[in-house]
K.L.:
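Quick one: the structure is below, and I'll ask about it shortly.
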Amino acid sequence: MKLTRDSKIKDLYKTAIGQDVVDKILMQMNKSDKWITNPLVSNLKISALNLYIKDEGFLDALLDLINSETELGVQEGGTLTKQWWKEVVFYQIYPRSFKDSNGDGLGDLQGIISKLDYLKELGIGGLWLSPIFKSPMKDNGYDISDYYEVNPEMGTMDDLKELIDQAHKRDIRVIMDLVVNHTSDEHPWFQEALHDPNSDKRDYYFFRKKEETNNWVSFFFESAWRYFKEQDIYALKLFAKEQIDLNWDNPKVRDEVVKIINFYGDLGIDGLRLDVINYISKKEGLPQGNQWVGDLMEFTGIEHYFYGPHLNEYLAEINSRGFAPNHMFSIGETPGIGIQLGKLLSADYRKQLDLLFTFDHLETPGHVRFDEYLYDLNFYKEHMMKVLGSNSLHDWTSLFFENHDNPRMISKVNPDPMVHDVLGKALNVILLTLQGTPFIYQGQEAGFINQEFTEEDLRDVESINKLKVSDMKTVLAGTRDHARTTMKWSDEGGFSESEGWIKSQHESVASIESQLEDSMSVLSFTKQLISFRNNTDDLIYAPIQFIHPKTRNYFAYKRGDYFIEINLSDKDINRPKSNDVLGLLLSNYKGQVLGSLRPYEANIYRIL
Ligand code: NOJ
């Protein structure tokens, strides 16, 4: 049934897109969903929303989007299928900052190979490498100029083969980052397309004359259109000006993508993480973005491509022609996708993507990454109860707090050095015991934190652009460089023999080497946790049951024979009584205090 302005608000909330979009808007406005689900509001006509949102075009944009997806991502019954990627603990490597083997200050593949034993000892079963392809590095490899070559600063194809081989010998799977929403402007396809309007590459991208461009805004705070003076033509680019969007409506582009997937399948890669993959289908005609949505989401035009008209179809195509025949795992990075739409993209029976990285848990309501604020873990608890509570046997969730695009979680929650260790350990307890596949970002196993940067220290294109439109305080709150500091392997640094391309991890955090020797360190604790998870089937497949879900600051759940509880605050809290007899197995504190939990205390028990 198509919705119109006369349909009820409650009908809107029953559709996948309606629910996700409204939830996102409410979250940005810092309003609870009761605002829309209470009977007074839910029985109103959709047109009544204009009382609150004084923008005529908004309702049309919303209805258009909602009517484009009438399915709901729910299929009851079935069975839970076991998969290797549900069982392993993944570790994300940002290659440029991980380990330099040849002394040029830039991390490389041989550096990663030299640390495989460390990763094995940590208990890691899967590696995700951020991009290692040939690239002018305008966005550190997320701007690829050759999909079949390794970036010379990182090594060669032979190094990559050796890395895959050495990882597999240690029973570690390898997934790579594939960026195919856009290519670098130095990619030969783009060069040919730009310089020869008659080339068949012209239609690989979106070239437009000035009057055909629109008001879309790029994610790096500029117009989404780059002007090429010599040719007097514009090209669409949703990210940096050197990252030009590919036109997936052209079947030749999809053939190219399938070819790349098959190539890496043949090479022995176990899977791919697909960068901003939900942006690949843009609405025909590239219409103007709605200003109200644009102001709210910061990015004008987003409603026309975050869940575009052919997204499901294109994902199914690369799955059937690429991933499935090679038995490769796929995880899509899908910014802006909420719970319901997420199911439509990744439920197993849909045969599109295996897993998603969504981001709604990363900022608390009313906040964006560049706001300076303290993250309340109670929001994470509520959000995850909603996500995991709505999963059917067909759905699976990726678990992560950090990646190369976000500040360090310890710093976001509570930068007080007094709680550093207990908090770092508590976050890793949550990550490794909830139901889903955990992704540890390099350094998180050892409690890495944000760094202090001056303007000159900044390296990231996003931060540098952001600094043009806001102050340093704002940039520091959200800069992606916090995550990209070089690994602190030893007390001297241990990343490279020369100076690294970016600052190292904060000096107050103990190095990997010294934490390995300290049985009480965050790293030693995380190692124990991973080993426990790897050897405990219940922590992987047992359903999750939340206990005392409404008690603030208290996060507790059962996984089969295990009971996990965490104090989400920096204060002592009362420990709710449990009906079970519990035997303590792992804790971030020594001993227990009867009836209470200390700041960020996290305990794992066996139910006796
Ligand atoms: C998402 C990646 O994670 C980010 O690092 C990159 O800048 C954008 N996609 C553009 O590729």
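Counting starts at 1 for both ligands and their atoms, in listed order. Numbers here simply count residues along the sequence, with the first being 1.
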K.L.:
Show me which atoms of ligand 1 lie under 4.0 Å from any heavy atom of E333.
P.N.:
1 (C), 3 (O), 9 (N)

K.L.:
If you take the centroid of each ring, where Trp contributes its six-membered ring, are Y380 and F401 closer together than 6.0 Å?
P.N.:
yes

K.L.:
Are F190 and F228 close enough that their ring centres sit under 6.0 Å apart?
P.N.:
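When the ring centroids of F190 and F228 are compared, they turn out to be within the sub-6.0 Å range.
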
K.L.:
Out of all atoms in ligand 1, which are within 4.0 Å of some heavy atom of Q243? Include the element for each.
P.N.:
10 (C), 11 (O)

K.L.:
Between D275, N403, V276, flag the one that comes closest to atom 2 (C) of ligand 1 by a heavy atom.
P.N.:
D275

K.L.:
Is the distance between the ring centroids of Y142 and F133 less than 6.0 Å?
P.N.:
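Here the rings of F133 and Y142 have centres that are no less than 6.0 Å from each other.
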
K.L.:
Distance under 4.0 Å to a non-hydrogen atom of F220: what atoms of ligand 1 satisfy this?
P.N.:
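That gives atoms 7 (O) of ligand 1.
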
K.L.:
Could you tell me whether F206 and W248 have their ring centroids closer than 6.0 angstrom?
P.N.:
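Ring-ring flag for F206/W248: false, centres at least 6.0 Å apart.
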
K.L.:
Could you check atom 7 (O) of ligand 1 against the protein and tell me its nearest heavy-atom contact, residue, atom and distance included?
P.N.:
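The answer is D139 OD2, 2.5 Å.
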
K.L.:
By number and element, which atoms of ligand 1 are closer than 4.0 Å to a non-hydrogen atom of H182?
P.N.:
10 (C), 11 (O)

K.L.:
Relative to the heavy atoms of R480, which atoms of ligand 1 are at a distance of less than 4.0 Å?
P.N.:
4 (C), 5 (O), 6 (C), 7 (O)

K.L.:
Determine, using ring centers only, whether F239 and H182 are less than 6.0 Å apart.
P.N.:
yes

K.L.:
Only heavy atoms of H404, strictly under 4.0 Å: list the atoms of ligand 1 that pass.
P.N.:
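Those qualifying, in numeric order: 2 (C), 3 (O), 4 (C), 5 (O).
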
K.L.:
Which ligand 1 atoms does R484 reach within 4.0 Å, using its non-hydrogen atoms?
P.N.:
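Ligand 1 atoms under the 4.0 Å threshold to R484: 5 (O).
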
K.L.:
Taking the ring of Y205 and the ring of W189, is the distance between their centroids below 6.0 Å?
P.N.:
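Distance test on ring centres: not under 6.0 Å, no.
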
K.L.:
So if I count the atoms of ligand 1 from 1 in the order they appear, which ones are less than 4.0 Å from some heavy atom of D405?
P.N.:
1 (C), 2 (C), 3 (O), 4 (C), 5 (O)

K.L.:
If you take the centroid of each ring, where Trp contributes its six-membered ring, are F90 and W85 closer together than 6.0 Å?
P.N.:
no

